[in-house]
Amino acid sequence: MPELAEVEFIRKRWNPGIGHFVTGVRLHPRSRIFKTCDPAELVRLLPGARLDSSAAAAKQMLFRLTAADATPLWLGLHLGMTGELSTRPAGLPDTRAEHLILDQTTATQSLVFADFRMFGRVQFQSGPDTPAWWSCIAPAVTSSAFTLSAVNEFFQRRARTPLKAALLMQERFPGIGNWMADEILWRAALHPARRCGDLSPLEVKKIHRETIWVATEALAITGETFADPPASWLFQHRWKDGGICPRTKKPLERATIGGRTTCWSPARQKLA
DNA sequence: TCCTATGTTGTATG
DNA sequence: ACATACAACATAGG
């Protein structure tokens with residue numbers, strides 16, 4: 001289920017491990033999860049390392065560790081569609097969907113990364129330099145680098161792309177996923193199939209403003225407590241058959257747009 | 001049996 | 001080279 005705010009919350013599930021040392025690593029090296037790293041490196045370098053801190057950016061998480069010989073270690077996790085982090089008492093056997101387990105004897109606990117669909121990813125790098133897979137993430141939509149002109153430029157270049165598909169592009173809307181994209185378009189009162197190049201300057205401004213608003217609120221609610229947003233959000237209505245728009249009180253519609261199931265309020269979001 | 005799923009990416013086409 | 005569209009990935013649940 002992870003988009004921006006869920007990732008921020010799930011990242012903190014490993015907080016109990018911060019300051020503690022890794023005593024053992026268990027993983028399933030043949031899993032697709034490890035396609036973009038070398039599982040042998042994890043096994044070689046993580047034991048003896050101390051977990052120092054973590055951070056989230058877009059839909060990715062970074063765990064910073066220091067190896068026994070003081071080498072900085074960078075562990076990156078992407079939750080894909082069904083990834084989860086948890087902690088549990090150390091020494092318990094792993095199950096099939098658990099791909100990476102860091103045992104921490106000091107804290108008598110294990111840090112677990114599970115993902116049954118295996119769309120998630122593990123990245124790993126050692127040394128002082130920030131890994132490219134972390135530094136290349138686009139600046140957050142809640143940062144000052146997410147400017148109106150950047151969105152304008154992006155929409156010009158993607159002139160024929162439906163708005164819904166554009167909002168899912170991580171290079172410009174990092175951390176936005178399917179439900180946040182629908183929420184943004186609903187608040188901006190723009191039909192998800194509108195083409196990026198056809199928007200008026202005011203309409204682009206609405207997208208820009210609502211993107212920042214939805215991300216900020218979602219981080220404050222879901223990112224802090226894992227609670228769902230309130231009933232005044234489209235979020236609460238978009239999956240239900242026969243869902244009603246909380247603003248117009250008229251029926252919501254669902255269709256595949258930009259390759260993803262999309263929900264919108266026809267009374268509020270018009271094509272023309 | 002068939003369809004869906006809060007994600008990304010490789011590949012084909014224009 | 002660049003933009004666009006979509007199948008493919010793997011598994012569970014309705």
Side-chain angles (χ1 to χ4, degrees), chain A residues 1-11 13 28 30-37 56-61 76-85 95-99 113-123 132-134 136-138 141 153-187 192-198 211 214-215 217-219 221-223 225-229 233-243 252-264:
Chain A
M1 46 149 92
E3 296 180 27
L4 184 70
E6 289 94 343
V7 170
E8 166 60 12
F9 184 85
I10 291 172
R11 165 184 77 84
R13 291 237 175 97
H28 302 157
R30 286 170 53 203
S31 165
R32 327 169 8 102
I33 301 269
F34 299 105
K35 207 171 123 186
T36 51
C37 73
K59 297 174 191 173
Q60 311 202 53
M61 300 175 292
L77 299 180
H78 191 299
L79 298 170
M81 199 82 107
T82 53
E84 289 187 81
L85 298 189
T95 62
R96 194 165 65 102
E98 295 174 352
H99 305 285
F113 173 35
D115 179 10
F116 69 82
R117 274 177 84 179
M118 294 188 276
F119 290 170
R121 279 285 181 278
V122 177
Q123 314 263 26
W133 46 259
W134 183 253
C136 75
I137 298 171
V141 298
E153 232 166 82
F154 187 70
F155 281 5
Q156 286 313 309
R157 197 150 50 83
R158 303 284 182 172
R160 300 285 302 151
T161 299
L163 274 179
K164 173 60 183 277
L167 284 169
L168 293 174
M169 293 179 178
Q170 300 299 294
E171 71 216 72
R172 181 44 63 204
F173 298 94
I176 303 303
N178 206 26
W179 79 253
M180 290 182 90
D182 284 358
E183 189 74 37
I184 291 162
L185 291 168
W186 176 73
R187 288 177 182 274
R194 291 279 303 278
R195 307 281 160 170
C196 289
D198 297 341
T211 298
V214 168
E217 291 296 308
L219 282 168
I221 302 168
T222 310
T225 66
F226 216 49
D228 287 340
W233 288 45
L234 179 66
F235 179 95
Q236 292 282 354
H237 311 271
R238 62 188 297 278
W239 295 120
K240 279 181 273 199
D241 277 330
L252 295 167
E253 191 155 340
R254 262 184 308 193
T256 298
I257 298 176
R260 305 293 298 280
T261 298
T262 298
C263 178
W264 72 98

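Note that the structure is predicted; figures quoted are calculated from it, not measured. Chain identifiers are assigned alphabetically (A, B, ...) following the order of the sequence lines, protein sequences preceding nucleic acid strands; residue numbering begins at 1 within each chain.
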Distance check needed: B:dG7 C1' versus A:Glu171 CD, whole Å only.
15 Å
Reading 5' to 3' and counting Watson-Crick or G-U wobble pairs with both distances under 3.5 Å, write the dot-bracket notation for DNA chain B, | for bases paired outside the strand.
.||||.||||||||
Would you say that A:Phe155 contacts A:Thr161 through its side chain, given a criterion of any heavy-atom pair below 4.5 Å between the two side chains?
no
Would A:Arg187 and A:Trp233 count as a cation-pi pair here, with the cationic atom under 6.0 angstrom from the ring centre and within 45° of the axis?
yes
Sub-3.5 Å donor-acceptor pair from the side chain of A:Gln156 to the main-chain atoms of A:Cys196, do we have one?
no
Results of side chain to side chain contact (heavy atoms under 4.5 Å, CB included) for A:Glu98 - residues two or more places apart only
A:Arg88, A:Asp94, A:Thr95, A:Ile101, A:Val112, A:Ala114
With sugar-phosphate meaning primed atoms plus P, OP1 and OP2, does A:Gly259 contact a base, only sugar-phosphate, or nothing at under 4.0 Å between heavy atoms?
nothing
Between C1' on B:dG7 and CD on A:Glu84, what's the gap in Å once rounded to a whole number?
15 Å
Check whether any side-chain N or O of A:Gln170 sits under 4.0 Å from OP1 or OP2 of B:dG7, and answer yes or no.
no
In the structure I gave you, are the side-chain heavy atoms of A:Met61 and A:Leu85 within less than 4.5 Å of one another anywhere?
yes
To the nearest Å, give me how far apart CE (A:Met169) and C1' (C:dC2) are.
12 Å
According to ring pair (Phe, Tyr, Trp, His ring centres under 6.0 Å), who are the partners of A:Phe235, at least two apart in sequence or on a separate chain?
A:Trp179
Euclidean distance for P, C:dT4 against B:dT6 (whole angstrom)
23 Å
Can you find a pair of side-chain heavy atoms, one from A:Arg158 and one from A:Met169, that are under 4.5 Å apart?
yes
What is the nucleic acid contact for A:Arg195, judged by heavy atoms within less than 4.0 Å: base, sugar-phosphate only, or nothing?
sugar-phosphate
Per-nucleotide protein contact string for nucleotides 9-14 of chain B, where B marks a base within reach and S marks sugar-phosphate only (heavy atoms under 4.0 Å, - for neither)
------
Roughly how many Å apart are C:dA7 and B:dC3, using the P atom of each and rounding to a whole number?
13 Å
With sequence neighbours excluded, residues passing ring pair (Phe, Tyr, Trp, His ring centres under 6.0 Å) with A:Trp264:
A:His191
Output one letter per nucleotide in nucleotides 8-14 of chain C: B when a protein non-hydrogen atom lies under 4.0 Å from the base, S when only the sugar-phosphate is that close, - when neither is.
-BBBS--
Just to verify, what does A:Ala57 make a side chain to side chain contact (heavy atoms under 4.5 Å, CB included) with, not counting sequence neighbours?
A:Trp134, A:Ile137
For nucleotides B:dT8 and C:dG13, find the distance between their P atoms and express it as a whole number of Å.
23 Å
Holding to side chain to side chain contact (heavy atoms under 4.5 Å, CB included), I want the full list of residues that pass it with A:Gln236, two or more places apart in sequence or in another chain.
A:Asp228
Residue list, side chain to side chain contact (heavy atoms under 4.5 Å, CB included) with A:Glu8, at least two apart or on another chain
A:Arg11, A:Lys12, A:Ala56, A:Leu219
The criterion is ring pair (Phe, Tyr, Trp, His ring centres under 6.0 Å); which residues satisfy it with A:Phe173, sequence neighbours excluded?
A:Phe146
Within-4.5 Å side-chain heavy-atom neighbours: A:Thr222 and A:Glu6:
yes
Can you list, pair by pair, the side-chain donor-acceptor contacts under 3.5 Å of residues 256-263 of chain A, counting residues two or more places apart and other chains?
| unit_1 | atom_1 | unit_2 | atom_2 | d |
| --- | --- | --- | --- | --- |
| A:Thr262 | OG1 | A:Lys164 | NZ | 2.8 |
| A:Thr262 | OG1 | A:Ile257 | O | 3.4 |
| A:Thr262 | OG1 | A:Arg260 | O | 3.0 |

Please list residues of residues 156-166 of chain A whose heavy atoms come under 4.0 Å from any atom in DNA chain B, ordered by number; otherwise none.
none
